[in-house]
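Presented below is the structure to which this report refers.
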Amino acid sequence: MLTKKNKALLENGTILLLFSFVIIEVIAELFSFKVILFAYRPVVTILLMGLYWITSKERNVLFFITMFFLLVTSFFILSDSKRAIIIGLIAFLAHRLLLIFFIIKLNKLKDFVPILIGFIPFIFIFSYMLTLSDEIPENSYYSLVIQNALVSVLGGIVLSNYFMNQNEYTPWLWIFGVLSVALYFTVFIEKCFLSNLPPTYFRPLAMILYVTSYYSFYRFVIDTEMIHAKKESIIVIQ
């Protein structure tokens, strides 16, 4: 068992390693070091899983399953094989669905009307952007439609939670939502409107948004678990 001091040192060391790795990857992207770039997403996911294992008292299995599918996506999505890309897309779809389910479960949401209201502006914006683009490959169209819907659902959850539960839940969910939508927006613009530009224009920004968004998700999970634990302890005392 780790002492409190050693646990804090290990946690801070892992966080430092996580963000140091981002700096290395941004440099690798600028200078096109392909070997280093391939390790980017898997290492980030593994470090976040390790960070959660160190800091969480609950160690919710759903967190690890959700991040596992993100890890699978990281290995397959960058492949040149069509079959591997399909596996990566399926894994990412499973990851998104589990992510949304996990957030709903942590926040104990029962009223889905605010989520539907929050969903509408996001799906409208992304659908409109989809109709404007002439650079989308035909075989990617339906995948983008599904991704638009899932990101819009996530945006709707975050937006409704911000206005409905400001005083009860951690702001890390709002931060995660903003960064996730910004990340998707950046990738969408790059792939669908400015694909003729060099990847170094967008990928360093996408890398930073990717890590900061999932770190925010990790912090949201940890903070929410702590809030629930405090509530349960108060109920027990009463």
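What you are looking at is a predicted structure, and each value in this text was computed from that prediction instead of being measured.
In this structure, N60 CG and T224 OG1 are separated by 11.0 Å, a value rounded to the nearest 0.5 Å. Rounding to the nearest 0.5 Å places CG of L48 at 12.5 Å from OG1 of T66. From Y210, atom OH reaches atom OG of S74 across 4.0 Å, with rounding to the nearest 0.5 Å. A distance of 12.5 Å separates CD1 in I115 from CD1 in I120, rounded to the nearest 0.5 Å. Between F112 atom CZ and S160 atom OG the span is 9.5 Å, to the nearest 0.5 Å. To the nearest 0.5 Å, atom NE2 of residue H228 and atom NZ of residue K108 are 4.5 Å apart.
Of all non-hydrogen atoms in L150 and R96, the two that sit nearest each other are CD1-CB, 3.6 Å. Here the closest non-hydrogen pair linking I54 and K7 is O-CE, 2.6 Å. For the residue pair P204 and V26, the shortest heavy atom distance occurs at CB-CG1, 3.9 Å. Here the shortest heavy-atom pairing between N148 and S127 reads ND2-N, 4.3 Å. Summarising the geometry of G118 relative to L159, their closest heavy-atom pair is CA-CD2, 4.0 Å, with the distance given to 0.1 Å. In this structure, S152 and F122 approach most closely via the heavy-atom pair OG-C, 3.4 Å.
With contacts defined as side-chain heavy-atom distances shorter than 4.5 Å, the pair I117/V113 qualifies. No side-chain heavy atom of F126 sits less than 4.5 Å from a side-chain heavy atom of Q147. Under the 4.5 Å side-chain criterion, counting only non-hydrogen atoms from C-beta, F101 is not in contact with L97. Counting only heavy atoms from C-beta outward, the side chains of T14 and L18 never approach each other to under 4.5 Å. At least one side-chain heavy atom of F217 sits less than 4.5 Å from a side-chain heavy atom of F63. Here the side chains of L183 and T212 are not in contact, with every heavy-atom distance at 4.5 Å or above. Looking at heavy atoms from C-beta onward, F220 lies in side-chain contact with N107 at the 4.5 angstrom threshold.
The aromatic rings of H95 and Y214 sit tilted, their planes meeting at an angle between 30° and 60°. Classification of the Y218-Y52 ring pair by plane angle, with boundaries at 30° and 60°, yields perpendicular.
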Verify side chain to side chain contact (heavy atoms under 4.5 Å, CB included) between N161 and W174, making sure each step is shown before the conclusion.
CA-CA 8 Å; N161 186 78; W174 170 250; over 6 Å; no
Does V221 form a side chain to side chain contact (heavy atoms under 4.5 Å, CB included) with F102? I'd like the steps, not just the answer.
CA-CA 9 Å; V221 174; F102 193 23; 3.9 Å; yes
I90 vs I86, test: side chain to side chain contact (heavy atoms under 4.5 Å, CB included). Steps then yes/no.
CA-CA 6 Å; I90 292 171; I86 291 172; 3.9 Å; yes
Start with the C-alpha gap between I15 and Y215, add the side-chain angles, then the distance that decides, and say whether side chain to side chain contact (heavy atoms under 4.5 Å, CB included) holds.
CA-CA 9 Å; I15 293 171; Y215 176 75; 3.7 Å; yes
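Screening Y184, F176, F119 for a side chain to side chain contact (heavy atoms under 4.5 Å, CB included) involving L154 leaves a single residue, F176. With respect to L47, the side chain to side chain contact (heavy atoms under 4.5 Å, CB included) criterion is satisfied by exactly one of V44, T45, V43, L51: V43.
Hydrophobic cluster membership differs between L9 and L16, with clusters built from Ile, Leu, Val, Met, Phe, Trp and Tyr side chains linked at under 4.5 angstrom. Tracing side-chain contacts under 4.5 Å through hydrophobic residues (I, L, V, M, F, W, Y), one reaches M226 starting from W53; they form part of the same cluster.
Heavy atoms from other residues, nucleotides or ligands lying under 6.0 Å from CE of M49 number more than 12. Counting non-hydrogen atoms of other residues, nucleotides and ligands closer than 6.0 Å to CZ of F124 gives a total of 12 or fewer.
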